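Treat the numbers as computed from the prediction; the structure is a model and nothing was measured. Note on naming: letters A, B, ... go to the chains in the order of the sequence lines (proteins, then strands), and numbering restarts at 1 for each one.
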There are 2 protein chains.
Amino acid sequence: MADIDSGSEQPVPRKRADARRNEKALLDAAAAAFVTSGVDVPVRDIAVRAGVGVGTIYRHFPSRADLIVAVYRHQIEACAEAGPALLADSDTPHAALAQWIDLFVDFLVTKHGLAAALQSDDAAFQTLHAYFLDRLVPVCDQLLDAAVAADEIRPDLDAYGLLRGVGNLCIGAGNDPRYDARRLVDLLVAGLRVR
Amino acid sequence: MADIDSGSEQPVPRKRADARRNEKALLDAAAAAFVTSGVDVPVRDIAVRAGVGVGTIYRHFPSRADLIVAVYRHQIEACAEAGPALLADSDTPHAALAQWIDLFVDFLVTKHGLAAALQSDDAAFQTLHAYFLDRLVPVCDQLLDAAVAADEIRPDLDAYGLLRGVGNLCIGAGNDPRYDARRLVDLLVAGLRVR
DNA sequence: CCAACATACGGAACGTCGTTCCGGATGCCA
DNA sequence: TGGCATCCGGAACGACGTTCCGTATGTTGG
């Protein structure tokens with residue numbers, strides 16, 4: 001993203017050094033805690049790991065959702081950017097869609113509790129919900145449109161519905177070896193095909 | 001279920017009248033509260049509705065899951081019993097399976113928060129999880145086997161996986177008019193068909 | 001180098017929740 | 001009607017997310 005102001009002076013006079021240090025420590029601590037205990041890990045645990053007080057968490061990340069987004073932003077961006085690339089490289093739009101959804105599923109199933117948080121109607125997770133949707137729905141829409149235009153899938157499901165369905169199927173994956181979210185998503189995508 | 005003891009005397013000497021009255025009041029209050037506020041409604045709200053103290057809830061229903069099971073037991077039993085009936089009445093096993101899953105989905109999407117509670121790994125919901133599985137997996141298995149035997153669907157998904165997938169797809173249905181769980185379940189079942 | 005001020009910090013405090021506990025009330029039976 | 005097992009209400013506890021504020025510390029102009 002380019003700066004809004006084209007002038008040379010920065011209107012935000014740079015944060016204090018300890019604040020920058022703590023923000024980084026918090027991101028690292030949260031990432032580690034999410035791996036160990038899932039995204040539902042108590043806020044106090046993250047604070048202890050980072051060696052800061054709980055107040056410091058809320059100063060940097062107004063809601064838990066903001067912290068989750070900050071931790072996973074890079075991976076979500078990478079997923080979003082992979083969409084057009086796959087569409088360009090794959091043999092068919094449907095193959096690109098299937099590969100892209102695999103990427104999304106791989107991301108979700110390795111983040112304990114994230115898929116569940118994504119679907120939660122708790123107000124605290126609204127930012128999370130919104131970020132995923134804003135970033136991924138347009139990409140999915142593009143892939144879906146291309147596949148429909150190529151007459152490979154039925155036109156009766158929108159990107160929002162598909163993403164929520166895939167996200168839902170990923171809930172609880174990783175907790176239970178008997179539940180294979182990937183296979184179910186494959187079946188769902190298979191069900192989309194025209195026959 | 002038949003009684004274990006075939007004798008005429010009941011070894012449990014019948015509960016006190018106020019206890020029976022309160023248990024009924026609690027079931028009614030919980031059912032109403034679940035409709036209004038979902039199965040995650042605070043325990044205190046149910047107690048107020050029933051006109052009892054919170055201690056009374058826990059005496060009759062040791063965990064929140066037991067209360068949920070008690071409220072929905074009849075509907076779950078009806079769903080389980082519908083399986084063999086559909087198999088006998090339908091033209092094909094796959095049609096029976098599709099209709100049975102429709103029944104299950106109709107049940108889940110009208111109970112706010114139930115599908116999410118079903119997949120929760122919270123220990124408090126283990127009873128709920130176990131009851132659904134014990135009761136419905138065998139029925140689903142029977143339908144699945146029949147459809148596989150008739151060469152209508154692929155044999156690569158077990159009843160447990162299918163039920164969890166369907167349950168997952170029902171999470172959040174009813175909160176968001178843009179999300180149509182029924183259609184996604186239909187796509188999933190369509191993906192099961194041999195082609 | 002040193003104030004003095006904005007900025008940031010820590011953790012106590014608050015409200016909500018599920019769950020447990022126990023002194024007292026109440027139905028039941030002799 | 002008395003006595004006792006059963007059951008009740010709601011206070012109490014611990015965990016949690018979130019807010020608040022007295023204190024500490026970096027920054028910057030002199």
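By the 4.0 Å N-to-carboxylate-O rule, B/Asp45 lies too far from B/Arg49 to be salt-bridged with it. Salt bridge annotation for A/Arg178-B/Asp158: absent, with no cationic side-chain nitrogen under 4.0 angstrom from a carboxylate oxygen. Salt-bridge check for A/Asp28 with A/Lys24: passed, with a basic side-chain N closer than 4.0 Å to an acidic carboxylate O.
In this structure, B/Arg64 places its CZ atom 13 Å from C1' of C/dT16, rounding to the nearest Å. Distance A/Leu26 CG to C/dC9 P: 8 Å, rounded to the nearest Å. Whole-Å rounding puts the B/Ile46 CD1 to D/dG9 P distance at 15 Å. A/Asp40 has its CG atom 14 Å from the C1' atom of D/dA15, to the nearest Å. Between A/Asp122 atom CG and C/dT16 atom C1' the separation is 13 Å, expressed in whole Å. When rounded to the nearest whole Å, the span between CD1 of A/Ile68 and P of D/dG17 equals 11 Å. The separation between A/Ile57 atom CD1 and D/dC16 atom C1' is 13 Å, rounded to whole Å. Whole-Å rounding puts the B/His60 NE2 to C/dT19 C1' distance at 16 Å.
The shortest distance between the side-chain N/O atoms of B/Asn22 and the OP1/OP2 oxygens of D/dC8 is below 4.0 Å. Between A/Thr56 and the phosphate of C/dG10, there is a side-chain N or O to OP1/OP2 separation shorter than 4.0 Å.
Residue whose closest nucleotide on DNA chain C sits further toward the 5' end, between A/Gly53 and B/Asp45: A/Gly53. Annotation: of the two residues near DNA chain C, B/Val54 and B/Arg21, the 5′-most nearest-nucleotide partner is B/Val54. In terms of position on DNA chain D, the residue among A/Gly55 and A/Val41 whose nearest nucleotide sits closer to the 5' end is A/Val41.
B/Ala124 comes within 4.0 angstrom of the backbone, heavy atoms only, and of no base. Heavy atoms of A/Arg44 sit under 4.0 angstrom from at least one base atom.
Of the candidates D/dT19, D/dC16, C/dT19, D/dT19 carries the atom nearest the A/Tyr58 side chain, counting heavy atoms from C-beta on. Listed nucleotides: D/dT18, D/dC16, C/dG18. Nearest to the side chain of A/Val43: D/dT18.
At least one test fails for A/Arg64 against the ring of A/Tyr58: distance under 6.0 Å to the centre or angle within 45° of the axis.
Not one N or O on the side chain of B/Glu152 forms a donor-acceptor pair closer than 3.5 Å with the backbone of B/Ala147. Judged by distance alone, with hydrogens and angles left aside, the side-chain atoms of B/Asp66 form a donor-acceptor pair with the main-chain N or O of B/Ser63 at under 3.5 Å.
The only member of B/Arg20, B/Arg16, B/Lys15, B/Arg21 that meets salt bridge (charged side-chain N to carboxylate O under 4.0 Å, His left out) when paired with B/Asp18 is B/Arg16.
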What N/O pairs connect the protein and nucleotides 28-30 of chain C at under 3.5 Å? Give each pair on its own line.
unit_1, atom_1, unit_2, atom_2, d
C/dC28, OP1, B/Ala17, N, 2.9

